[in-house]
Amino acid sequence: RSFSSEKDIHKDYAVPNPTWSEDLRLLYEQFMKKCEDGSWERLPSYRQHPAGGCSDFQARHLDPSAMKELTSRARLFTRSFEDGLGFEYVMFCNDAEKRVVCILQGGPHLQGMPGLFHGGAILTIIDATAGMCAKRIGKVVLTANLNVNFKRPIPLCSVVVLNAQLEKAEGRKFFVSCTVHSGDGRTLHTEAT
Ligand SMILES: CCCCCCCCCC(=O)SCCNC(=O)CCNC(=O)[C@H](O)C(C)(C)COP(=O)(O)OP(=O)(O)OC[C@H]1O[C@@H](n2cnc3c(N)ncnc32)[C@H](O)[C@@H]1OP(=O)(O)O
């Protein structure tokens with residue numbers, strides 16, 4: 001399927017699709033229920049996010065003349081896979097508690113060691129989830145430092161839950177912790193700050 005149709009670029013991918021497992025669907029329904037009283041909010045997710053708010057950052061880091069051509073071809077990394085092959089995920093935020101939860105089913109194209117999730121893929125979704133947690137407050141944020149402990153390998157194509165929590169804010173610095181647990185919550189796979 002072409003990635004560059006207007007429709008495709010503006011499509012919200014943070015919704016169920018036929019590649020989702022029963023486990024991911026159940027978690028999605030659980031969190032959608034939590035959204036009913038307004039304490040949690042599902043975050044839409046697109047292949048290309050509007051540049052809104054990043055213009056001064058882009059001016060500082062990027063050559064404006066190259067920007068237009070570049071961004072027209074650009075896709076958010078975590079949304080640049082065919083359905084089911086990469087990151088199938090939905091983020092939910094609870095701004096009162098300064099938390100972001102990400103439910104994730106990792107596809108077969110995220111393999112590292114045979115049968116296992118690639119460590120870089122785990123880093124990526126931690127970076128995105130913890131980044132979103134900081135972004136809810138800081139609006140435009142960049143990851144300055146990411147420390148990760150891989151406690152248990154994550155089986156490929158399994159469903160996991162990421163929990164990001166803002167721990168502290170000092171001016172424009174945000175300190176976020178993030179864990180990755182198995183879908184049933186019993187196994188702590190990864191912890192990061
Ligand atoms: C809508 C959905 C979008 C989803 C997107 C998901 C993407 C997730 C986010 C990313 O992956 S961003 C891409 C990876 N990150 C980068 O490319 C950032 C590259 N680094 C930088 O641009 C600069 O180093 C940075 C902006 C982080 C800081 O540089 P600045 O010149 O703005 O500030 P400065 O170096 O003076 O540091 C500011 C404060 O941060 C502190 N700091 C900087 N780097 C640090 C570090 N590595 N560890 C701890 N503290 C650090 C620094 O000590 C200082 O603290 P104090 O003011 O208290 O002294």
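Sequence positions, counted from 1, serve as the residue numbers for this chain. Atoms within a ligand are numbered from 1 in the order they appear, just like the ligands themselves. Nothing here was measured: the structure is a model prediction, and the numbers come from that model.
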Trainee: Taking the side chain from Gln165 and the backbone from Glu97, do they hold a donor-acceptor pair closer than 3.5 Å?
Mentor: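 Indeed, once roles are kept as given, a pair shorter than 3.5 Å links the two residues.
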Trainee: So, the side chain of Gln105 versus the backbone of Thr19: is there a donor-acceptor pair under 3.5 Å, distance only?
Mentor: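 Answer holds: yes.
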Trainee: Roughly how far, to the nearest 0.5 Å, is the CG atom of Leu110 from the NE2 atom of His118?
Mentor: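 Between atom NE2 of His118 and atom CG of Leu110 there are 9.5 Å.
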Trainee: Closer than 3.5 angstrom, by distance alone: can the side chain of Arg42 be matched with the main-chain N or O of Met32 as a donor-acceptor pair?
Mentor: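 Side chain of Arg42 to backbone of Met32, a donor-acceptor pair under 3.5 Å: no, none is there.
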Trainee: Of the protein's non-hydrogen atoms, which lies at the shortest distance from atom 2 (C) of ligand 1, and what is that distance?
Mentor: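 Of the protein heavy atoms, Met132 CE, 3.9 Å lies nearest.
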Trainee: Among Ala144, Gly171, Pro44, whose heavy atom sits nearest atom 43 (C) of ligand 1?
Mentor: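 The option holding the nearest heavy atom is Ala144.
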Trainee: Verify the contact flag for atom 8 (C) of ligand 1, where contact means a protein heavy atom under 4.0 Å away.
Mentor: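 It does: a protein heavy atom is found less than 4.0 Å away from atom 8 (C) of ligand 1.
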Trainee: Any protein heavy atom at under 4.0 Å, with atom 29 (O) of ligand 1 as the reference point?
Mentor: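 There is no protein heavy atom less than 4.0 Å from atom 29 (O) of ligand 1.
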Trainee: Which is closest to atom 34 (P) of ligand 1 in terms of heavy atoms, Met91, Gln48, Arg172, Lys173?
Mentor: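 Shortest heavy-atom distance from atom 34 (P) of ligand 1: Arg172.
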Trainee: How many angstroms lie between CD1 in Ile126 and SG in Cys178, if you round to the nearest 0.5 Å?
Mentor: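 The SG atom of Cys178 is 5.5 Å from CD1 of Ile126, to the nearest 0.5 Å.
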Trainee: Charged N to carboxylate O below 4.0 Å: is that the case for Glu41 and Lys34?
Mentor: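 No salt bridge links Glu41 with Lys34.
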Trainee: Return a yes/no value: protein heavy atom under 4.0 Å from atom 53 (O) of ligand 1?
Mentor: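 So atom 53 (O) of ligand 1 lacks protein heavy-atom neighbours under 4.0 Å.
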Trainee: Give the residue, atom name and distance (to 0.1 Å) of the protein heavy atom nearest atom 11 (O) of ligand 1.
Mentor: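 Heavy-atom neighbour on the protein nearest atom 11 (O) of ligand 1: Asp127 OD2, 2.6 Å.
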Trainee: Under a 3.5 Å distance rule, please check whether Arg75 uses its side chain to pair with a backbone N or O of Phe81 as donor and acceptor.
Mentor: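 Not a single qualifying donor-acceptor pair exists.
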Trainee: For atom 18 (C) of ligand 1, is the nearest protein heavy atom closer than 4.0 Å?
Mentor: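 Yes, there is a protein heavy atom closer to it than 4.0 Å.
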Trainee: With a 4.0 Å cut-off, strictly under, does atom 47 (N) of ligand 1 pick up any protein heavy atom?
Mentor: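 Yes.
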Trainee: Does Phe117 share a hydrophobic cluster with Ile125, counting links as ILVMFWY side-chain heavy atoms below 4.5 Å and allowing steps through other members?
Mentor: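 In one cluster with Phe117: Ile125, yes.
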Trainee: Determine yes or no for a side-chain-to-main-chain donor-acceptor pair under 3.5 angstrom, with Asp12 supplying the side chain and Ser45 the backbone.
Mentor: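 It does hold such a pair.
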Trainee: Are Tyr46 and Tyr13 close enough that their ring centres sit under 6.0 Å apart?
Mentor: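 Distance test on ring centres: not under 6.0 Å, no.
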Trainee: Evaluating non-hydrogen atoms only, which member of Asn145, Leu76, Leu142, Thr124 is closest to atom 26 (C) of ligand 1?
Mentor: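 Minimum heavy-atom distance to atom 26 (C) of ligand 1 goes to Leu142.
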Trainee: Determine, counting only non-hydrogen atoms of the protein, whether one lies under 4.0 angstrom from atom 59 (O) of ligand 1.
Mentor: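 Under 4.0 Å from atom 59 (O) of ligand 1, zero protein heavy atoms found.
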Trainee: Of the protein's non-hydrogen atoms, which lies at the shortest distance from atom 14 (C) of ligand 1, and what is that distance?
Mentor: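 Looking only at protein heavy atoms, the one closest to atom 14 (C) of ligand 1 is Thr143 O, 4.0 Å.
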Trainee: With heavy atoms of Lys135 as the reference, note each atom of ligand 1 found under 4.0 Å away.
Mentor: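 The list of qualifying atoms is 1 (C).
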Trainee: Give me the residue, atom name and distance of the protein heavy atom closest to atom 6 (C) of ligand 1.
Mentor: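 Nearest protein contact, heavy atoms only, for atom 6 (C) of ligand 1 is Ala128 CA, 4.3 Å.
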Trainee: Distance below 4.0 Å between atom 39 (C) of ligand 1 and any protein heavy atom?
Mentor: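 So atom 39 (C) of ligand 1 has protein heavy-atom neighbours under 4.0 Å.
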